[in-house]
> 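Structure below; questions to follow.
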Amino acid sequence: MDNFVMVPTHLINSKIPRSAMLLLGILYSNSRQLGYAYGTNKYYAKQLSCSTRTITNLLKYLVNNNYITIVNGNSFKRKIYIRNNILIT
């Protein structure tokens, strides 16, 4: 089975940076089973072939722009929720 990233089409033409859009797609894919994503920054950095610092910055961007919510952000057991409003056009 092929793996792929789903991104809402209305985000493609938005001002969201491409790397943030890809991370959002990965987070969405990872959150489909439990309702939230829980991967480490190292995991996401490997998926996007970038540094963990870049992932930290992208997550901050997504939080600050209301694309995601992070619960227990400083914990090993953090939960990353995709905000429902971004999934609707």
Side-chain angles (χ1 to χ4, degrees):
M1 175 182 265
D2 293 329
N3 292 325
F4 58 92
V5 175
M6 291 178 29
V7 177
T9 55
H10 67 277
L11 292 180
I12 293 172
N13 293 325
S14 68
K15 293 184 179 184
I16 183 172
R18 297 288 183 207
S19 53
M21 189 183 315
L22 286 173
L23 178 57
L24 187 60
I26 292 169
L27 293 171
Y28 175 70
S29 295
N30 289 348
S31 69
R32 295 200 41 153
Q33 185 176 18
L34 297 174
Y36 60 87
Y38 57 87
T40 64
N41 287 9
K42 185 176 179 180
Y43 168 79
Y44 295 120
K46 185 176 178 182
Q47 295 296 310
L48 292 176
S49 300
C50 65
S51 69
T52 56
R53 185 71 196 154
T54 297
I55 297 301
T56 299
N57 291 335
L58 292 172
L59 288 171
K60 283 182 187 178
Y61 174 88
L62 293 171
V63 167
N64 291 340
N65 288 279
N66 297 315
Y67 291 106
I68 63 172
T69 302
I70 300 176
V71 177
N72 295 328
N74 295 325
S75 169
F76 179 71
K77 296 184 179 186
R78 73 177 176 193
K79 296 178 181 177
I80 304 171
Y81 294 92
I82 306 297
R83 301 203 31 138
N84 288 335
N85 62 329
I86 68 147
L87 301 176
I88 303 168
T89 57

> Taking the side chain as every heavy atom from C-beta outward, state whether Y67 and L24 have any atom pair closer than 4.5 Å.
yes
> Which pairs with one or both residues in residues 37-66 pass ring-ring contact (aromatic ring centres under 6.0 Å, His included), sequence neighbours excluded?
none
> Given side chain to side chain contact (heavy atoms under 4.5 Å, CB included), test I80 with N30 step by step and report yes or no.
CA-CA 10 Å; I80 304 171; N30 289 348; over 6 Å; no
> Excluding sequence neighbours, so at least two apart, what forms side-chain contact (heavy atoms from CB on, under 4.5 Å) with K42?
T40, T52
> Taking side-chain contact (heavy atoms from CB on, under 4.5 Å) as the test, write out the residues that go with L22, two or more places apart.
L48
> If you measure only the distance, is there a donor-acceptor pair under 3.5 Å linking the side chains of R83 and N65?
no
> Can you give me the closest heavy-atom contact between I82 and S31, atom names plus distance?
CG1-OG, 3.9 Å
> I'd like to check the side-chain hydrogen bond (donor to acceptor under 3.5 Å, both in side chains) partners of N57; sequence neighbours left out, ordered by chain and number.
none
> Verify side chain to side chain contact (heavy atoms under 4.5 Å, CB included) between L27 and L59, making sure each step is shown before the conclusion.
CA-CA 10 Å; L27 293 171; L59 288 171; 4.1 Å; yes
> I need the minimum non-hydrogen distance between Y28 and R32, along with the two atoms involved.
O-CG, 3.1 Å
> Taking all non-hydrogen atoms of both residues into account, name the closest pair between C50 and I55 and its distance.
SG-CD1, 3.6 Å
> State which residues pass side-chain hydrogen bond (donor to acceptor under 3.5 Å, both in side chains) with T54; sequence neighbours excluded, sorted by chain then number.
S51
> Show the nearest heavy-atom pair for residues R78 and N72, with the distance to one decimal.
CB-O, 3.1 Å
> Can you name the side-chain hydrogen bond (donor to acceptor under 3.5 Å, both in side chains) partners of S19, sequence neighbours left out?
none
